[in-house]
Engineer: 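First the structure, which I've put down as structure tokens, then a few questions once you've had a look.
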Amino acid sequence: QVQLVESGGGLVQAGGSLRLSCAASGRTLRPYNMAWFRQAPGEEREFVAAITWSGRVTIYGDSVKGRFTIARDNGKNTGYLQMNSLRPEDTAAYYCAGSTAWSTSPTDFGSWGRGTQVTVSS
């Protein structure tokens, strides 16, 4: 499995922006479709966005459409999540995940990072 490490989380005011990064090591990220999930305390893990291994196809959860953008740079072995127009309800731990399957279900992803916290103040 590829090892993944997220970075870029932090505290931001509502309406602000953050860019999360997901760095892969151990194996190349290239064969893996990549996704971002988030989980708030007491809540289930929620699908945020996914991108195919080539970067040509993306899909977003309804709550982030039009505000978040997923991207990847296979040459840098890194994925990204650009988050704009942040809202307090976006507050959660954000996780990147990799899978050879094309899916929005967390159970289909075998490689996970440890997460990075995003807190949006009102």
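Residue numbers run from 1 in the order of the sequence given.
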Engineer: Please table the atom pairs, donor to acceptor, closer than 3.5 Å between any side-chain atom in residues 2-10 and protein atoms at least two apart or in another chain.
Structural biologist:
residue, atom, partner, partner atom, Å
Gln3, NE2, Gln1, O, 3.1
Glu6, OE1, Arg114, N, 3.1
Glu6, OE1, Gly115, N, 2.8
Glu6, OE2, Cys96, N, 2.9
Glu6, OE2, Gly115, N, 3.2

Engineer: Counting C-beta onward and ignoring hydrogens, is there a side-chain heavy-atom pair between Met34 and Thr52 closer than 4.5 Å?
Structural biologist: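 They are not in side-chain contact.
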
Engineer: Start with the C-alpha distance between Tyr80 and Asp73, add both sets of side-chain angles, then the distance that settles side-chain contact (heavy atoms from CB on, under 4.5 Å), and finish with yes or no.
Structural biologist: CA-CA 8 Å; Tyr80 305 96; Asp73 184 336; 4.1 Å; yes

Engineer: Using side-chain heavy atoms (C-beta onward) and a distance below 4.5 Å, is Arg72 in contact with Thr78?
Structural biologist: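 No - every pair of side-chain heavy atoms lies 4.5 Å or more apart.
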
Engineer: Only pairs at least two apart or in different chains count here, so list each salt bridge (Lys or Arg N to Asp or Glu O under 4.0 Å) that has a residue in residues 16-35.
Structural biologist: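 Sorted pair list comes back empty.
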
Engineer: side-chain contact (heavy atoms from CB on, under 4.5 Å) for Arg45 and Tyr95? Distances and angles first, verdict last.
Structural biologist: CA-CA 9 Å; Arg45 195 159 291 192; Tyr95 300 87; 3.7 Å; yes

Engineer: Check whether the ring centres of Phe47 and Tyr60 lie less than 6.0 Å apart, and answer yes or no.
Structural biologist: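 No, ring centres 6.0 Å or more apart.
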
Engineer: Enumerate the residue pairs fulfilling salt bridge (Lys or Arg N to Asp or Glu O under 4.0 Å) with a member in residues 51-64, sequence neighbours excluded, ordered by first and then second residue.
Structural biologist: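 Listed by first then second residue: Asp62-Lys65.
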
Engineer: Could you check whether any side-chain heavy atom of Val118 comes within less than 4.5 Å of a side-chain heavy atom of Met83, counting everything from C-beta outward?
Structural biologist: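 Yes, at least one pair of side-chain atoms sits under 4.5 Å.
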
Engineer: For residues Arg38 and Glu43, determine if any side-chain heavy atom of one lies less than 4.5 Å from a side-chain heavy atom of the other.
Structural biologist: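 Side-chain contact under 4.5 Å: no.
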
Engineer: Does the side chain to side chain donor-acceptor pair (under 3.5 Å) test come out yes or no for Asp108 and Ser99, once each step is laid out?
Structural biologist: CA-CA 7 Å; Asp108 290 326; Ser99 175; over 6 Å; no

Engineer: How close do Ala14 and Ser122 get, heavy atom to heavy atom, and via which atoms?
Structural biologist: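 Heavy-atom minimum between the residues: CB-CA, 4.4 Å.
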
Engineer: Would you check if there is a donor-acceptor pair between the side chains of Ser105 and Thr107 at a distance under 3.5 Å?
Structural biologist: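 Note: Thr107 and Ser105 side chains meet the donor-acceptor criterion.
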
Engineer: Side-chain contact, heavy-atom cut-off 4.5 Å: Thr104 with Ile59?
Structural biologist: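 Yes, close enough: below the 4.5 Å cut-off.
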
Engineer: If every non-hydrogen atom of Leu81 is compared with every non-hydrogen atom of Ala49, which pair is closest and at what distance?
Structural biologist: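 Heavy-atom minimum between the residues: CD1-CB, 4.3 Å.
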
Engineer: Check whether any side-chain N or O of Asn77 sits under 3.5 Å from a backbone N or O of Leu29 as a donor-acceptor pair, and report yes or no.
Structural biologist: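 Looks like yes, one N/O pair under 3.5 Å.
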
